[in-house]
Amino acid sequence: MDAVSSMNVRVRFAPSPTGFLHIGGARTALFNWLYARHTGGTFILRIEDTDTARNTQEAVEVILQGLRWLGLDWDEGPVDGQATHLGRGDRGPYFQSQRADVYRKWVQYLLERNLAYEADGATKFRMTREPIVFEDLAIGAIRRELTDREALDPDFVIVRSDGQPVFHLVNVIDDLEMGITHVVRGEDHISNTAKHIALFRAFGVEPPRYAHIPLILNPDGTKMSKRDQGASLATYIEEGYLPEAVVNYLVLLGWSPKDNREILPIEDVIGRFDLPQIQRHNARFDLKKLQWLNVAYLHQLSGDRFTALASQALERAGVSLAPFPKDYIAAAVSLAREKIKTLTDLPPFVDFFFVDEVALDPEAMARELTPASRDHLAALRGALVALDPFTAAAIEAALKTTAAARSVKNAVLVHPARVACTGKTIGPSLYHLMEVLGRERVLRRFDRALAQIADS
RNA sequence: GACCCUAUCGUCUAGAGGCCUAGGACACCACCCUUUCACGGUGGCGGCACGGGUUCGAAUCCCGUUAGGGUCGCCA
């Protein structure tokens, strides 16, 4: 352990409960968590719910659920979305709405020392006129001068005329009171840091170390805001991405293991993650790469977990699995594993396994269940009736023998058979799907297809 | 308007003065594999924003320009 690692690192993620967790916020949380785990430090979750009007318990739950889904466990912080509930940890409360007396105490401290003053009913902080210089762990030396507007009046409001303390004040007080040693946050706070450092000094304490991480931009390079496609973590949860894939992708967006590896077990990342190596420039979100990672993680999932997640996705899509044996479900969904990019892709691939009568796609039917295919299908049915064992290999052999006997290419039998069994032109391997379906179902579906052709 | 950050293939990145004829991944294109759709395999396309310095030598250091992003609120 190096010098930094051996000190007691305390980092925090301090989101405002707006009703959703921004993907950029998720990465900020991730980087804080990684740094805490890398250093053996403490990861704290604090809810910045000072804007009482739009903060609700539900909005907090969204954040907690998002972090839990990502696997980012916090050592101190809320246990649920209820602000008045006592959290875990001895530096609480972890909701700003419950810390009014703490803020009052420190405002009093500033007032008594003439470091703040009343003006127009508000309380303003006497900001230094000198440039603030600090060493950012991710970026390097930063020297911040006053802007022209600030030069006119450098002092800023820390308590509104309605008595509510503002962000800069509470953020600093909480970091101070909670013993935060490293502030890892979005680059959009880099200019605010001067104010924060000045406040820490006024309170008579050394400011924490800062590490500002780059922002996540839209594919077109514009800032990703709430409305933008894919800005909310919830969309990835709903669209069937694996948390480990999202985490891996987020890690790669601004950090690199420097050894050309892309698939990174989280333990490896924890072992190597550090602040100075964080990328300095903003990154654009690339859904295609996330999808690629998701496929990779889908492939290496254990059979049990895949079956569980696939079952969930099916139930959510309205497919009832209750009537089917566990083995049948597992065998059926496993045939789709290599075919899908996300779990929401799965239901259309395997739903035919779980219905009495397949829904015949009109186009597929028109193309494959033609009078010309009738005799082929009937012949294939004949080859399957007494086939033993009814396995993929045996089915394949039977189909090929039948095709050869009729002097047609395998595909001439394969395509109509697929439509007969699944109703669609795309899907899992035909031979395997027939094995899983079982002889009885297959023959019944063949008969129905044959009847369809006769009717048309 | 001012202040701050940033700048390597379309995208994410490796690169901390000679190892660079700039490496990898995603995407894209071609071919192979193949019963569909995918997976996989092989190959290809493609980049140091620009201009000045410093140096024997610069993607790497310095300055400027340009571009992008951020901030300057009684929002967080």
Side-chain angles (χ1 to χ4, degrees), chain A residues 14-18 48-51 53-55 96 119-124 131-132 136 138-140 142-152 154 156-168 170-171 186-195 212 214-215 217 219 221-223 249 251-263 277 279-293 295-296 298-299 336-341 345 348-349 364 368 396 399-400 403 409-419 422 424-431 433:
Chain A
S16 180
T18 55
E48 306 222 333
D49 60 342
T50 49
D51 191 349
R54 64 174 190 220
N55 294 329
Q96 290 187 331
D120 303 323
T123 304
K124 294 181 79 174
I132 295 276
D136 190 283
I139 295 170
I142 294 174
R143 174 192 171 90
R144 165 80 216 274
E145 310 261 1
L146 294 177
T147 67
D148 55 355
R149 296 181 59 136
E150 290 168 336
L152 260 32
F156 58 93
V157 171
I158 51 174
V159 181
R160 287 191 275 270
S161 48
D162 66 1
Q164 285 298 310
V166 307
F167 163 74
H168 299 299
V170 298
N171 189 268
E187 198 189 45
D188 48 340
H189 283 296
I190 214 164
S191 289
N192 293 331
T193 306
K195 289 176 177 166
H212 288 92
L215 272 22
L217 270 24
T222 56
K223 187 188 184 185
Y249 178 70
V251 161
L252 253 21
L253 218 53
W255 185 83
S256 163
K258 301 186 188 296
D259 58 5
N260 284 346
R261 282 186 307 155
E262 309 284 333
I263 311 286
Q277 310 148 6
Q279 211 62 232
R280 289 166 177 72
H281 59 266
N282 297 342
R284 303 183 190 203
F285 197 88
D286 182 6
L287 191 64
K288 284 283 178 51
K289 182 138 185 183
L290 205 211
Q291 285 176 345
W292 173 77
L293 277 164
V295 167
L298 236 20
H299 288 181
R337 200 210 278 245
E338 307 278 308
K339 309 281 180 178
I340 58 174
K341 285 188 159 48
D345 290 344
F349 258 99
E368 303 298 346
E396 178 172 0
L399 183 141
K400 286 180 174 171
K409 287 196 200 165
N410 299 335
V412 173
L413 299 190
V414 164
H415 296 300
R418 170 181 298 285
V419 173
T422 72
K424 304 171 193 179
T425 53
I426 64 166
S429 157
L430 177 68
Y431 312 124
L433 120 216

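Note on naming: letters A, B, ... go to the chains in the order of the sequence lines (proteins, then strands), and numbering restarts at 1 for each one.
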Flag the pair [X] / [Y] as yes when at least one side-chain heavy-atom distance between them is below 4.5 Å, and no otherwise.
| X | Y | answer |
| --- | --- | --- |
| I190(A) | I139(A) | yes |
| R284(A) | P219(A) | no |
| L287(A) | Y249(A) | no |

* To do: Could you tell me which non-hydrogen atom of L217(A) sits nearest to which non-hydrogen atom of K223(A), and how far apart they are?
  => CD1-CA, 4.3 Å
* **Closest non-hydrogen atom pair, L298(A) against R337(A)** => O-NH1, 2.8 Å
[atom1] atom, [N] versus [M]: distance in rounded Å?
| N | M | atom1 | answer |
| --- | --- | --- | --- |
| A67(B) | G51(B) | C1' | 15 Å |
| C28(B) | U66(B) | C1' | 29 Å |
| C48(B) | G1(B) | P | 31 Å |
| U54(B) | C12(B) | P | 34 Å |
| U55(B) | U8(B) | C1' | 22 Å |
| A59(B) | U21(B) | C1' | 14 Å |
| C75(B) | A16(B) | P | 48 Å |
| A27(B) | G68(B) | P | 29 Å |

* Hey, which of these two, E338(A) or G140(A), hits RNA chain B nearer its 5' end, going by closest nucleotide? -> G140(A)
* Starting at the 5' end of RNA chain B, which residue's closest nucleotide do you reach first, I190(A) or K223(A)? -> I190(A)
Look at all strands and tell whether [X] reaches a base, only sugar-phosphate, or nothing, counting heavy atoms closer than 4.0 Å.
| X | result |
| --- | --- |
| S256(A) | sugar-phosphate |
| E262(A) | base |
| T123(A) | nothing |
| R261(A) | nothing |
| L253(A) | sugar-phosphate |
| P428(A) | base |
| H189(A) | base |
| G221(A) | sugar-phosphate |
| Y249(A) | nothing |

How long is the span from the [atom1] atom in [X] to the [atom2] atom in [Y], to the nearest 0.5 Å?
| X | Y | atom1 | atom2 | result |
| --- | --- | --- | --- | --- |
| E150(A) | E145(A) | CD | CD | 11.0 Å |
| R160(A) | T123(A) | CZ | OG1 | 11.5 Å |
| K195(A) | I132(A) | NZ | CD1 | 11.5 Å |
| R261(A) | S256(A) | CZ | OG | 9.5 Å |
| L433(A) | F349(A) | CG | CZ | 11.5 Å |
| E338(A) | H299(A) | CD | NE2 | 4.0 Å |

* Asked: Does C39(B) sit syn or anti, given that only angles within 90° of 0 count as syn?
  -> syn
What is the distance, rounded to the nearest whole Å, between atom [atom1] of [X] and atom [atom2] of [N]?
| X | N | atom1 | atom2 | answer |
| --- | --- | --- | --- | --- |
| Y431(A) | U34(B) | OH | C1' | 10 Å |
| E187(A) | G68(B) | CD | C1' | 11 Å |
| K341(A) | C37(B) | NZ | C1' | 10 Å |
| R280(A) | U6(B) | CZ | C1' | 10 Å |
| Q291(A) | C28(B) | CD | C1' | 15 Å |
| N282(A) | G68(B) | CG | P | 13 Å |
| L433(A) | A38(B) | CG | P | 17 Å |
| D188(A) | U71(B) | CG | C1' | 9 Å |

* Asked: Phosphate oxygens OP1/OP2 of G15(B): is one of them under 4.0 Å from a side-chain N or O of K258(A)?
  -> yes
* Asked: Is the shortest side-chain N/O distance from Q279(A) to OP1 or OP2 of A14(B) below 4.0 Å?
  -> yes
Both distances below 3.5 Å, Watson-Crick or wobble geometry, any strand: find the nucleotide opposite [N].
| N | value |
| --- | --- |
| C29(B) | G43(B) |
| A14(B) | none |
| G1(B) | C72(B) |
| G57(B) | none |
| A22(B) | none |
| U66(B) | A7(B) |

* Asked: Out of U36(B), U6(B), U11(B), which nucleotide sits closest to the side chain of I426(A)?
  -> U36(B)
* To do: May I ask you to verify whether the side chain of R418(A) and the base of U35(B) hold a donor-acceptor pair under 3.5 Å?
  => yes
* Asked: Per the atom types in the model, does the base of C37(B) pair as donor or acceptor with the side chain of K339(A) at under 3.5 Å?
  -> yes
Using the 3.5 Å cut-off, write out each protein N or O paired with an N or O of nucleotides 72-74 of chain B and the distance between them.
from: C72(B); atom 1: O2'; to: T147(A); atom 2: OG1; distance (Å): 3.4
from: C74(B); atom 1: O2; to: S161(A); atom 2: N; distance (Å): 2.8
from: C74(B); atom 1: O2; to: S161(A); atom 2: OG; distance (Å): 2.8
from: C74(B); atom 1: N3; to: S161(A); atom 2: OG; distance (Å): 3.1
from: C74(B); atom 1: N4; to: D120(A); atom 2: O; distance (Å): 3.1

